Amino acid sequence: MYAIARELLFKLTPETAHELTIDMLGVGGRLGLPGLLFNTPQQPTQVMGLTFANPVGLAAGLDKNGDAIDGLSQLGFGFVEIGTITPRPQPGNPKPRLFRLPEAQAVINRMGFNNKGVDYLVARVEKARRAGVLGINIGKNFDTPVERANDDYLLCLDKVYTHADYVTANISSPNTPGLRTLQFGDQLKSLLDALAERREALTQQHGKRVPLAIKIAPDMNDEETALVAATIEQAGMDAVIATNTTIGREGVEGLPYADEAGGLSGAPVREKSLARVKALAEALSGRLPIIGVGGITEGKHAADLIAAGASLVQVYSGFIYRGPALIRESVDAIAALKK
């Protein structure tokens, strides 16, 4: 069924297909239609103090504004992460900014955190039925100076805190100028300390402690990964998500659109993401959970990330190419690994 839908969607421009899919899932979710066609594979997994129906989730970026929470959750995901959201609405980068590379099962995007703002997202979450675990991914506006980035993250955290099961700070998108500098040194420590302090205040205010995850890039070496892991652990964060898209072009050389600017995701990022998960697992020795994401186009790849040290996985580009079948296939592969 999905193969037919994909053939039709791939006749449209990538962004038009994306928007149409979100609209359809939004309507379908309100009617409960995906739930009639799919069920959620059960493999309960405890991470960050939360119970996930299964360890396979949807990565942030597909549903930036929370318009299709119910439809997506009804496809079988163990958890859904929405966003990246920013304090103020912003249009993102000029179009075209999303490119398919089907020969490599890959996508290049330079969306630039296009979204309708945190207040819109919160309103959408309030209307959703909220089946399963919901993560909300937060970032900074493109025109907020890096030295004031903390303000944007804290504002978003304040707004989404009572609506999220966990919150992810996206400090690794290559499409917002300067954002990746937040991954290192004093800037990383400053942001994480600010998030931890604000989380403590919000916990006291609302009587609810919401886990915080940090999403990192694949484009670092093992030494850098260990330093980042140590800072994340010392700040009292609850998980690391590895990884975001890559600025590299290994595996797509010579293909149409391969030279477009932006982050590359899908099959070509698999080895980089797997390497970062392994490096994090070695640096953290189980003290902090890892959510593996990047390059999952079949169930085996999800199991590989779990075997490398991840506790949960997320899919995005593989889901675009494979559809809901990838969810169950990944859950089954992880279950077989654990037998």
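Computation of the quantities below employed the complete heavy-atom set of this structure, encompassing side-chain atoms and omitting hydrogens, waters and symmetry-equivalent molecules. All values reported here derive from a predicted model rather than from experimental measurement.
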Using the ring of Tyr2 (Phe, Tyr or Trp, six-membered ring only), decide whether Arg6 places NZ or CZ under 6.0 Å from its centre and within 45 degrees of its axis.
no
Ring center gap for Tyr321 and Phe10 short of 6.0 angstrom
yes
Can you tell me if [X] uses its side chain to pair, donor with acceptor, with the backbone of [Y] under 3.5 Å?
{"X": "Arg110", "Y": "Pro96", "value": "yes"}
{"X": "Ser265", "Y": "Gly263", "value": "no"}
{"X": "His206", "Y": "Leu202", "value": "no"}
{"X": "Arg287", "Y": "Leu284", "value": "yes"}
{"X": "Asn221", "Y": "Glu223", "value": "yes"}
{"X": "Gln74", "Y": "Gly29", "value": "yes"}
{"X": "Arg276", "Y": "Ala217", "value": "no"}
{"X": "Asn170", "Y": "Asn137", "value": "no"}

Any chance the side chains of Thr297 and Arg270 put a donor and an acceptor closer than 3.5 Å?
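Yes, because at least one side-chain N or O of Thr297 sits under 3.5 Å from a partner of the opposite role on Arg270.
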Would you name the heavy atoms of [X] and [Y] that are closest together and state the gap between them?
{"X": "Leu280", "Y": "Ala242", "result": "CD1-CB, 3.5 Å"}
{"X": "Val277", "Y": "Ala310", "result": "CG1-N, 3.8 Å"}
{"X": "Arg124", "Y": "Gly66", "result": "CB-O, 3.3 Å"}

If the plane angle is over 60° it's perpendicular, under 30° parallel, otherwise tilted; pick one for Phe52 and Tyr166.
tilted
